Amino acid sequence: MMGPSHALSGATVWLAGSWALDQFAGYEQSPLMIAVGTAVCAGGALFPDLDLSGKVTRNQGGATVARTFGVASLFVAEVIEKISLGVYHATKLSKDPNRKNGHRTLTHTIPFTVLVGWGTTALCAAYGKWAVIAILFFMIGLALRGLFDEWAKRAGWVIVTLLSLGAAYFTYLHLPGDRGYPMLGLAMGVGCFVHILGDLITRAGVPILWPIPIGRRMWRMFGPPDRYSIRAGSKFEVVVLRGVFSVVSVLAIIGLAIPAVHRHFTAG
Ligand SMILES: [Zn+2]
């Protein structure tokens, strides 16, 4: 799947989940909390592709996520790709093929999603304010890039960066610390997981079972049979999948808004 579809799927899962929690568990969230969770989950759903680097010196290539903050994030992507490749080679078994590129390895595994979720919460707990602002800044930038792809291309990375910074600071000022910080970690972890599920229906597949060895392979790629797989940028992805995600998101937003509006009026 392409970046915008990944981001949209993350936003959809978070919105639908928030609606379900509100509806069936009575777990209410303020509009700001829902907005922040949705943005972080949308950004998180782009995060694993930070292993897809481009050409740093020429400022070209790379996934949506790797281009969010211009050359700086392209450089980070290069480093993550190399680390992933290192982990691949360090843990590969005799039947795993040789690789020259780390894309779709370490960052596309379940231990990675857990690590990201836990790490985010731990960073916020340990460093407080500055960690929260930094994480929000990065994730809101990703979400803007992913969800408003065309607009972000026209606006350029400087505008996206400034907007992310403003939104991150505003959120920091208004986000309650106790409940808000663990939520950031959860949204990151869920976002990464949704990304992996998205890649799972594509032809190349993902090493979803790593690090469980099967038949002398640690990095078996799981995906659908060829004729059922989704090609990146295909009509099915762009029209059907994104259409379904959009409809579910809008329904969830309406479902979340109705009780709030109702409470507002009945409370006088
Ligand atoms: Zn991916």
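Just so we're clear, the structure is a prediction, and the values are computed from it rather than from any experiment.
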Colleague: Is the shortest heavy-atom distance from the side chain of Met139 to the side chain of Leu184 under 4.5 Å?
Modeller: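 No; the side chains remain at least 4.5 Å from each other.
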Colleague: Indicate every side-chain donor-acceptor pair of residues 234-241 with a distance under 3.5 Å to a residue at least two apart or in another chain.
Modeller:
unit_1: Ser234; atom_1: OG; unit_2: Arg231; atom_2: O; d: 2.9
unit_1: Ser234; atom_1: OG; unit_2: Glu237; atom_2: N; d: 3.4
unit_1: Glu237; atom_1: OE1; unit_2: Gly233; atom_2: N; d: 2.9
unit_1: Glu237; atom_1: OE2; unit_2: Met2; atom_2: N; d: 2.9
unit_1: Glu237; atom_1: OE2; unit_2: Ser5; atom_2: OG; d: 2.5

Colleague: Parallel, tilted or perpendicular: which describes the rings of Phe148 and Trp151, with under 30° parallel and over 60° perpendicular?
Modeller: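 Rings of Phe148 and Trp151: perpendicular, as their planes differ by over 60°.
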Colleague: Could you tell me whether Arg154 and Glu150 make a salt bridge, using a distance below 4.0 angstrom between a side-chain N and a carboxylate O?
Modeller: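 No, no charged N to carboxylate O under 4.0 Å.
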Colleague: Any chance the side chains of Asp51 and Thr107 put a donor and an acceptor closer than 3.5 Å?
Modeller: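 Looking only at side-chain atoms, Thr107 and Asp51 do form a donor-acceptor pair, the distance falling under 3.5 Å.
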Colleague: Can you give me the closest heavy-atom contact between His89 and Arg99, atom names plus distance?
Modeller: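 Reported closest heavy-atom pair: CE1-O, 3.2 Å.
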Colleague: When hydrophobic residues are tied together by side-chain contacts of less than 4.5 Å, even through go-betweens, does Tyr172 share a cluster with Leu163?
Modeller: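 Yes: a chain of side-chain contacts under 4.5 Å links Tyr172 to Leu163.
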Colleague: So that I know where these two stand, are Tyr27 and Trp19 an aromatic pair - ring centroids less than 6.0 Å apart?
Modeller: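 Between Trp19 and Tyr27, which both carry aromatic rings, the centre distance is not below 6.0 Å.
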Colleague: Can Leu165 be reached from Val132 by stepping across I, L, V, M, F, W or Y side chains whose heavy atoms are under 4.5 Å apart?
Modeller: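 In one cluster with Val132: Leu165, yes.
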Colleague: Please say which of Leu50, Leu85, Leu52, Leu106 ends up in a side chain to side chain contact (heavy atoms under 4.5 Å, CB included) with Ile80.
Modeller: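 Result for side chain to side chain contact (heavy atoms under 4.5 Å, CB included) with Ile80: Leu50.
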Colleague: With under 30° as parallel and over 60° as perpendicular, where do the rings of Trp219 and Trp210 fit, or are they tilted in between?
Modeller: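 Trp219 vs Trp210 ring planes: parallel.
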Colleague: Grab the two heavy atoms, one from Leu32 and one from His174, that are nearest each other, plus how far apart they are.
Modeller: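 So the minimum-distance heavy-atom pair works out to CD2-CB, 3.5 Å.
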Colleague: Around atom OH of Tyr88, are there more than 12 heavy atoms from other residues, nucleotides or ligands closer than 6.0 Å?
Modeller: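 More than 12 within 6.0 Å, yes.
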Colleague: Just wondering, are more than 12 heavy atoms of other shown residues or ligands nearer than 6.0 Å to OH in Tyr169?
Modeller: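 No.
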Colleague: Please say whether more than 12 non-hydrogen atoms of neighbouring residues, nucleotides or ligands are located less than 6.0 Å from CZ in Arg242.
Modeller: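 More than 12 heavy atoms, drawn from other residues, nucleotides or ligands, come within 6.0 Å of this atom.
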Colleague: Checking His108 against His195: is there a side-chain donor and acceptor pair closer than 3.5 Å?
Modeller: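 Present: a donor and an acceptor within the cut-off.
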Colleague: Do Arg145 and Ser73 have side-chain atoms, one donor and one acceptor, less than 3.5 Å apart?
Modeller: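 The answer is no; no qualifying pair exists.
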Colleague: Run Val79 and Ile83 through side-chain contact (heavy atoms from CB on, under 4.5 Å) and show every step you take.
Modeller: CA-CA 6 Å; Val79 174; Ile83 293 175; 3.9 Å; yes
Colleague: Is there a path of hydrophobic side-chain contacts, each under 4.5 Å between heavy atoms of I, L, V, M, F, W or Y residues, that connects Val248 with Ile253?
Modeller: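 No, Val248 and Ile253 fall in different hydrophobic clusters.
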Colleague: Can you tell me how the ring of Phe112 sits relative to the ring of Phe47, calling it parallel under 30°, perpendicular over 60° and tilted otherwise?
Modeller: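 Parallel.
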